[in-house]
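Working notes, structure below.
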Amino acid sequence: VLPSTLLTIGDNCFEGCTSYISSDPIPDSCQTLGLSCFENTKITAVIFKSSLTSLGLYGFISCAFLTNVSFQSPLYITTIPGSFFQGCAITSIAIPIQITTLSQSVFYNCPMDTIQLGIRLTSIGNNCFNKNTITQVLWDAGSARTCSIGSGAFGSTGMTAYNGTNYDVPLGGYLFF
């Protein structure tokens with residue numbers, strides 16, 4: 001258990017830690033998760049706290065046991081950085097409304113089947129959901145918005161259903177390739 005007054009989990013802090021790290025290791029006081037802070041660990045679940053204001057690249061990359069990700073409200077982060085959950089075991093995710101940007105390869109190679117995208121999302125990076133097993137995307141903007149979707153964002157997914165309304169979507173090349 002990390003100290004309840006911890007403000008920052010630094011770069012590479014637990015990278016490659018082979019001992020069991022409890023689920024939900026982020027204390028309520030934490031404001032910053034550094035680069036690769038939990039990369040390749042045995043963590044199984046994480047709750048993103050309202051106190052978080054900064055996320056580093058590759059935060060939970062290659063966490064093969066990470067299946068459950070949730071977000072507290074209110075949420076003050078607006079971007080999930082590149083490759084943040086790449087190679088994790090997440091099967092479904094609901095992106096909070098506060099998130100406006102999903103960077104490149106955030107959920108690349110996860111066994112995800114259902115995603116619910118937040119209503120304020122304006123950018124989905126290249127290969128964001130590539131190599132997933134997505135069968136359904138739920139996305140209702142409420143009122144007309146524009147979202148840029150990068151190349152290969154939903155590539156190699158086997159996606160069979162898309163339920164999205166009121167979006168003007170400039171699409172990148174090889175979107176479903």
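All values below come from the heavy atoms of this structure, side chains included, with hydrogens, waters and symmetry mates left out.
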Going only through I, L, V, M, F, W and Y residues with side-chain contacts under 4.5 Å, is there a path from Leu2 to Leu66? yes
Test your reading of the model: is there a side-chain donor-acceptor pair from Asn130 to the backbone of Cys128, 3.5 Å cut-off? no
Which heavy atom of Pro25 sits nearest to which heavy atom of Ala45, and what is that distance? CD-O, 3.9 Å
Which hydrophobic side chains are connected to Ile47, either touching it within the sub-4.5 Å cutoff or through other members that do? none
Straight-line distance of Ser151 OG to Asn127 CG, nearest 0.5 Å: 8.0 Å
Residues 48-63 side chain polar contacts: donor-acceptor under 3.5 Å, at least two apart:
unit_1: Lys49; atom_1: NZ; unit_2: Asp24; atom_2: OD1; d: 2.6
unit_1: Lys49; atom_1: NZ; unit_2: Asp24; atom_2: OD2; d: 3.2
unit_1: Lys49; atom_1: NZ; unit_2: Ile26; atom_2: O; d: 2.7
unit_1: Ser50; atom_1: OG; unit_2: Pro74; atom_2: O; d: 2.6
unit_1: Ser51; atom_1: OG; unit_2: Asp28; atom_2: O; d: 2.6
unit_1: Ser51; atom_1: OG; unit_2: Cys30; atom_2: O; d: 2.5
unit_1: Thr53; atom_1: OG1; unit_2: Gln31; atom_2: O; d: 3.3

CD1 of Ile134 to OG of Ser156, rounded to nearest 0.5 Å, is 11.0 Å
Can you list every pair that meets side-chain hydrogen bond (donor to acceptor under 3.5 Å, both in side chains) and has a residue in residues 32-47, with sequence neighbours left out? Ser36-Glu39
Pro27 and Leu6: which non-hydrogen atoms are nearest, and at how many Å? CG-CB, 4.0 Å
Are side-chain heavy atoms of Asn132 and Ile115 found at a separation under 4.5 Å? no
List, one per line, each side-chain donor-acceptor pair under 3.5 Å for residues 85-114, sequence neighbours excluded.
unit_1: Gln86; atom_1: OE1; unit_2: Ser83; atom_2: OG; d: 2.9
unit_1: Thr100; atom_1: OG1; unit_2: Thr78; atom_2: O; d: 3.3
unit_1: Ser103; atom_1: OG; unit_2: Ile80; atom_2: O; d: 3.2

Shortest non-hydrogen contact from Ser29 to Thr5? OG-C, 3.2 Å
Hey, are the side chains of Val137 and Phe154 touching, using non-hydrogen atoms and a 4.5 Å cut-off? yes
Pairs meeting criterion salt bridge (charged side-chain N to carboxylate O under 4.0 Å, His left out) with involvement of residues 73-86, two or more places apart: none
Under the side chain to side chain donor-acceptor pair (under 3.5 Å) rule, collect the residues that match up with Asp11, sequence neighbours excluded. none
